[in-house]
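Below, chain A is the first sequence line, B the second, and so on; all start at residue 1.
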Amino acid sequence: MPELPEVESVRRGLARAGLEAAVAKVERSSFALRTGAHWAKRLERVRRLQGCRPASVDRRGKYLLWEFLRPGEGSWTLLVHLGMSGRCTVHPAETPKAAHTHLRLRFEDGRVFDFVDPRRFGGLRCDTRSALETSAPLAELGPEPWSPEFSAEALHARLHRSRRALRDALLDQRVVAGIGNIYASEICARAGIDPRVACSRLRPSAWARVHGETRRCLRDAISRGGTTLRDYRNIEGGRGRNQRALWVYGRSGQPCARCESPVSSEILQGRALFWCPSCQARPRGRWVV
DNA sequence: AGGGATCCCTGTACGC
DNA sequence: TGCGTACAGGGATCCC
């Protein structure tokens, strides 16, 4: 389940790979990836990358933006979303295609880039940078966790009337970009707040903790190369190391990393939710401070 | 308009 | 052993 730290790890891996040679050939599977207006119609356009040279790799939320310089002038940008099971890999030489390879870029230096996604929840799109940034899904994303627009005050202002559970607000990419189910549970755990509590009950001091722990949790996960519970792999095919540092996610019944009480879990909005009933007790009063 | 429900998709885990 | 089934979940879409 690639979230911001995993996508950032892929971004850094791609940048480190130092691909500079032009794309000799674009190979596409006949499967549709993510369907819908934003994706399927535009998959054909990856052929545009033929003859282009890879340049900078950026990230916005859970999306990768990989720029390719055109032979004449200008550039195309490849937008990549890993969905649930998407993997990006760079192979040093000829490598057989893995099952469910949806895109292979063959570079003139002999290396290949593969996008593999068995569950096909991921998506690809190729367009100009400005076309991508001014349309869905990028245009709808909320602030990056490290941007000045993401603040405790902004969280409070946006959510103080919302009756949604805190966990569900953190999953909303319009509130802040990049958080998925794993880090939503972990952020609530580190902030010491019951993830089921309605946003409207959080006072500014509680939002300050949510804000601070969001940044810390994601930053620490990036420094550990992301979380591999099942599918996630980095550009070299290796696993992340953050799974060992999780406090609550996937640890139902096991001792909380902080107080050793057994971790609780339930399904909320169709998604697994984990918390420590002792460190994240439901407030008895009206407010979470 | 906010937010809940449903669907997409396949590998894995588990029960009988 | 083998088969069937439940489950995992990000985001688009529909709907109230």
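- Phosphate proximity of C:dG11 to A:H81: present, with a side-chain N or O under 4.0 Å from OP1 or OP2.
- Between A:H100 and B:dC9, a side-chain N or O to OP1/OP2 separation shorter than 4.0 Å is absent.
- Both A:L159 and A:R271 lie near DNA chain B, and the one whose nearest nucleotide falls closer to the 5' end is A:L159.
- Rounding to the nearest 0.5 Å places CZ of A:R190 at 12.5 Å from SG of A:C276.
- Looking at which nucleotide of DNA chain B each of A:R158 and A:D231 is closest to, the 5′-most match is held by A:R158.
- Computed from coordinates, the A:N181 CG to C:dA8 C1' distance equals 10 Å when rounded to whole Å.
- No cation-pi contact links A:R201 to A:W287, judged by a cut-off of 6.0 Å to the six-membered ring centre and 45° from its axis.
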Pair pattern of DNA chain B in dot-bracket, where unpaired bases get dots and | marks partners in another strand, Watson-Crick or G-U under 3.5 angstrom: .|||||||||||||||
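- Residue A:Y232 is classed as having no contact, given no heavy-atom separation below 4.0 Å to the nucleic acid.
- If you take NZ of A:K62 and C1' of C:dG9, they are 9 Å apart, rounded to a whole angstrom.
- Using modelled atom types and a 3.5 Å distance limit, the side chains of A:D117 and A:S85 yield a donor-acceptor pair.
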I'd like to know whether A:E213 forms a salt bridge (charged side-chain N to carboxylate O under 4.0 Å, His left out) with A:R215, so could you lay out the CA-CA distance, the side-chain angles of the two residues, the decisive distance to 0.1 Å, and finally the verdict. CA-CA 5 Å; A:E213 295 303 331; A:R215 287 183 167 173; over 6 Å; no
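- Closest to the side chain of A:R120, out of B:dT10, C:dA8, C:dG10, is B:dT10.
- Using a 4.0 Å heavy-atom criterion, one finds that A:S162 contacts the sugar-phosphate atoms exclusively.
- The residue among A:R119 and A:I179 whose nearest nucleotide of DNA chain C lies closer to the 5′ end is A:R119.
- Although no hydrogens or angles enter the test, the distance criterion places no donor-acceptor pair under 3.5 Å between the side chain of A:E144 and the main chain of A:A177.
- Across all strands shown, A:R164 has heavy atoms under 4.0 Å from sugar-phosphate atoms exclusively, and none from any base.
- At the phosphate of B:dA5, OP1 or OP2 sits under 4.0 Å from a side-chain N or O atom of A:Q269.
- The pair A:R196-A:E266 counts as a salt bridge, with a side-chain nitrogen and a carboxylate oxygen less than 4.0 angstrom apart.
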Working for ring-ring contact (aromatic ring centres under 6.0 Å, His included), residues A:F274 and A:W247: CA-CA 9 Å; A:F274 300 87; A:W247 283 19; over 10 Å; no
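- Side-chain to base pairing of A:R174 with C:dG10: no donor and acceptor N or O lie closer than 3.5 Å to each other.
- Checked against C:dA8, C:dG11, B:dA5, the side chain of A:Y63 finds its nearest nucleotide in C:dG11.
- Applying the 4.0 Å criterion to OP1 and OP2 of C:dG9, one finds that A:Y249 has a side-chain N or O inside that range.
- Judged by distance alone, with hydrogens and angles left aside, A:R163 brings no side-chain donor or acceptor close enough to the base of B:dG3 to form a pair under 3.5 Å.
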